[in-house]
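Only one structure is covered here, and it is reproduced in the block below.
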Amino acid sequence: MAEITAAMVKELRERTDLGMMECKKALVEANGDMAAAEDLLRIKSGAKAGKAASRVAAEGVIGSFVSSDSKLGALVEVNCETDFVAKNDDFIAFAQAVASAVAERNPADVTAAAELPLATGSIEESRKALVMKLGENISLRRFARFEAKGRIAAYLHGTKIGVMVDYSASDPALGKDVAMHIAASKPICVNAGEVPAELLAKEREIYAAQAAESGKPANIIEKMVEGRVAKYLAEVTLLGQPFVKNPDQTVEKLLAEQKAEVHAFKMFVVGQGIEKKVTDFAAEVAAQAGA
């Protein structure tokens with residue numbers, strides 16, 4: 001039997017928003033497996049999903065670039081250690097310069113991007129100079145580059161959330177509205193056909209387990225599962241979501257009214273999927289004293 005620590009219980013509570021005893025029981029049942037315990041709690045509580053994926057801990061900024069003809073664009077995430085450095089003008093300018101270089105030079109990956117030229121040398125040389133100047137570790141974490149089928153709209157919510165949309169519409173303002181909607185509602189893809197099969201299968205499995213606990217007949221359970229899957233798809237796809245400026249209308253209907261189309265989008269949230277190491281100062285001092 002794996003040891004269930006207070007830290008594990010705390011982490012599961014933060015992921016699920018459920019009670020301490022529920023989380024501890026789930027961890028015991030799952031023999032300390034955090035992911036399995038989270039799934040157990042979702043099945044038993046009906047919780048929609050874990051919160052861990054949306055927790056943002058790392059610092060940094062999103063940089064963006066869109067060409068003058070709105071046909072070429074890039075989003076980049078550049079990370080640092082503290083919010084103080086994330087607000088530094090030189091750091092922000094570096095992120096914007098990286099976005100411009102990525103859009104114009106089309107690197108294969110982050111490693112290749114490091115060698116792209118900037119005004120002050122390569123991206124890697126400029127990064128090292130910024131590390132020396134600001135005294136923190138700085139890294140280019142990821143980027144997304146667009147060559148638009150239609151035209152590009154970009155939206156930055158401060159410096160922490162960045163969205164880029166490839167769309168076709170007669171009204172350019174629609175692209176900005178859709179980008180702002182994505183930043184607010186955070187869909188994972190454009191339509192139901194783009195939802196990863198493994199993700200949908202996992203959700204269907206959890207809904208089936210939840211429905212089975214109702215004790216209803218198999219045919220009713222099947223309808224319950226399909227209903228929940230349909231609701232899930234509406235929640236996570238851009239076209240299925242209620243438009244933030246008019247919740248009585250879905251994005252799909254909005255686009256249809258304006259004879260518009262969204263070809264693709266990308267959203268970056270600073271630190272998404274990264275967890276900062278939290279240091280327990282008292283425990284660290286005690287450990288050092290014991291040593």
### Where Ala103 and Phe65 come nearest, the two heavy atoms and their spacing
CB-CD2, 3.4 Å
### Message
Can you tell whether the side chains of Arg228 and Glu203 come within less than 4.0 Å, N to carboxylate O?
### Response
no
### From CA spacing to verdict: side-chain contact (heavy atoms from CB on, under 4.5 Å), Thr237, Ile188
CA-CA 6 Å; Thr237 60; Ile188 64 172; 5.8 Å; no
#### Entry: salt bridge (Lys or Arg N to Asp or Glu O under 4.0 Å) pairs, two or more places apart, involving residues 238-248
Asp177-Lys245
#### Entry: Between CD on residue Glu29 and CD1 on residue Ile4, distance to nearest 0.5 Å
11.5 Å
### Query
Ile152 and Val102: same hydrophobic cluster, using ILVMFWY side-chain contacts below 4.5 Å?
no
### Task
Could you grab the distance from atom NZ of Lys25 to atom CG of Leu12, nearest 0.5 Å is fine?
13.5 Å
Can you list, pair by pair, the side-chain donor-acceptor contacts under 3.5 Å of residues 114-132, counting residues two or more places apart and other chains?
unit_1 : atom_1 : unit_2 : atom_2 : d
Thr120 : OG1    : Ser126 : OG     : 2.8
Ser122 : OG     : Glu124 : N      : 3.4
Ser122 : OG     : Glu125 : N      : 3.0
Glu124 : OE1    : Arg127 : NE     : 3.1
Glu124 : OE2    : Arg127 : NH2    : 2.8
Glu125 : OE1    : Ser122 : N      : 2.9
Ser126 : OG     : Ser122 : O      : 3.0
Arg127 : NH1    : Ile138 : O      : 2.7

### Query
Is Leu75 reachable from Val78 through a run of I, L, V, M, F, W or Y residues, each pair having side-chain heavy atoms under 4.5 Å apart?
no
### Query
In chain order, what residues pass the side-chain hydrogen bond (donor to acceptor under 3.5 Å, both in side chains) check against Arg105, with sequence neighbours excluded?
none
Please tabulate, for the side chains in residues 158-174, all donor-acceptor contacts under 3.5 angstrom to protein atoms that are two or more places apart in sequence or on a different chain.
unit_1 : atom_1 : unit_2 : atom_2 : d
Lys160 : NZ     : Glu59  : OE1    : 3.3
Lys160 : NZ     : Gly60  : O      : 2.9
Asp166 : OD1    : Lys149 : N      : 3.3
Asp166 : OD1    : Gly150 : N      : 3.0
Asp166 : OD2    : Lys149 : N      : 2.8
Tyr167 : OH     : Arg151 : NE     : 3.2
Tyr167 : OH     : Pro172 : O      : 3.1
Ser168 : OG     : His263 : NE2    : 2.7
Asp171 : OD1    : Ala173 : N      : 3.0

### Message
Using 0.5 Å steps for rounding, measure from the SG atom of Cys80 to the CG atom of Leu134.
### Response
8.5 Å
#### Entry: Partner residues of Ser67 under the side-chain hydrogen bond (donor to acceptor under 3.5 Å, both in side chains) criterion, sequence neighbours left out
Asp69
Would you tabulate the side-chain donor-acceptor contacts of residues 249-258 under 3.5 Å, counting partners in other chains and residues two or more places apart, or write 'none'?
unit_1 : atom_1 : unit_2 : atom_2 : d
Gln249 : NE2    : Glu257 : OE1    : 3.1
Gln249 : NE2    : Glu257 : OE2    : 3.0
Thr250 : OG1    : Lys253 : N      : 3.1

### Query
Is Glu222 atom CD crowded by more than 12 heavy atoms from other residues, nucleotides or ligands, each under 6.0 Å away?
no
### Atom pair CG/CE of Leu238 and Met267 - distance to nearest 0.5 Å
11.0 Å
### Summary
Value for NZ (Lys266) from CZ (Phe143), rounded to nearest 0.5 Å, stands at 11.0 Å
#### Entry: ILVMFWY cluster membership beyond Met224 - transitive side-chain contacts under 4.5 angstrom
Ile220
### Message
If you compare all heavy atoms of Leu27 against all heavy atoms of Ala37, which two are closest, and at what distance to 0.1 Å?
### Response
CD2-CB, 3.8 Å
### Query
Roughly how far, to the nearest 0.5 Å, is CZ of Arg204 from OH of Tyr232?
11.5 Å
### Message
Quick check: closest heavy atoms across Ser70 and Ala148, and the distance to 0.1 Å?
### Response
O-CB, 4.2 Å
Per-pair distances, 0.1 Å, donor-acceptor, side chain in residues 85-97, under 3.5 Å, sequence neighbours excluded:
unit_1 : atom_1 : unit_2 : atom_2 : d
Lys87  : NZ     : Asp83  : OD2    : 3.1
Asn88  : OD1    : Asp90  : N      : 2.8
Asn88  : OD1    : Phe91  : N      : 3.1
Asp90  : OD2    : Lys133 : NZ     : 2.3
Gln96  : OE1    : Ser64  : N      : 3.2
Gln96  : NE2    : Ser64  : O      : 3.0

### Query
Is there a chain of hydrophobic side chains (I, L, V, M, F, W, Y, each step under 4.5 Å between heavy atoms) that links Leu72 to Val262?
no
### Message
Holding to side chain to side chain contact (heavy atoms under 4.5 Å, CB included), I want the full list of residues that pass it with Met20, two or more places apart in sequence or in another chain.
### Response
Val9, Arg13
### Residue from His181, Glu235, Lys186 passing side chain to side chain donor-acceptor pair (under 3.5 Å) with Gln241
His181
#### Entry: Joint cluster assignment, Ile62 & Met180, ILVMFWY side-chain distance < 4.5 Å
no
### Message
Side-chain heavy atoms nearer than 4.5 Å, only ILVMFWY residues, links allowed to pass through others: does that put Phe265 and Phe243 together?
### Response
yes
### Task
Sequence neighbours left out, what passes side-chain hydrogen bond (donor to acceptor under 3.5 Å, both in side chains) with Glu205? Give chain and number order.
none
### Query
Hey, mind stepping through Glu22 and Lys24 against salt bridge (charged side-chain N to carboxylate O under 4.0 Å, His left out) and telling me if it holds?
CA-CA 6 Å; Glu22 289 177 283; Lys24 185 174 181 180; over 6 Å; no
### Summary
side-chain hydrogen bond (donor to acceptor under 3.5 Å, both in side chains) filter on Lys10, not counting sequence neighbours, yields Glu14
### Considering all heavy atoms, the nearest Val110-Arg142 contact
CG2-CA, 4.1 Å
### Candidate pair Asn79 and Asn137, rule side-chain contact (heavy atoms from CB on, under 4.5 Å), full reasoning
CA-CA 8 Å; Asn79 294 128; Asn137 185 30; over 6 Å; no
### Message
I'd like to know whether Ser185 forms a side-chain contact (heavy atoms from CB on, under 4.5 Å) with Val244, so could you lay out the CA-CA distance, the side-chain angles of the two residues, the decisive distance to 0.1 Å, and finally the verdict.
### Response
CA-CA 8 Å; Ser185 299; Val244 289; 3.4 Å; yes
## Note on the structure
For Gly32 and Met8 the tightest heavy-atom approach is O-CE, 3.5 Å
### Message
Show me the pairs that pass side chain to side chain donor-acceptor pair (under 3.5 Å) and involve residues 188-200, at least two apart or across chains.
### Response
none
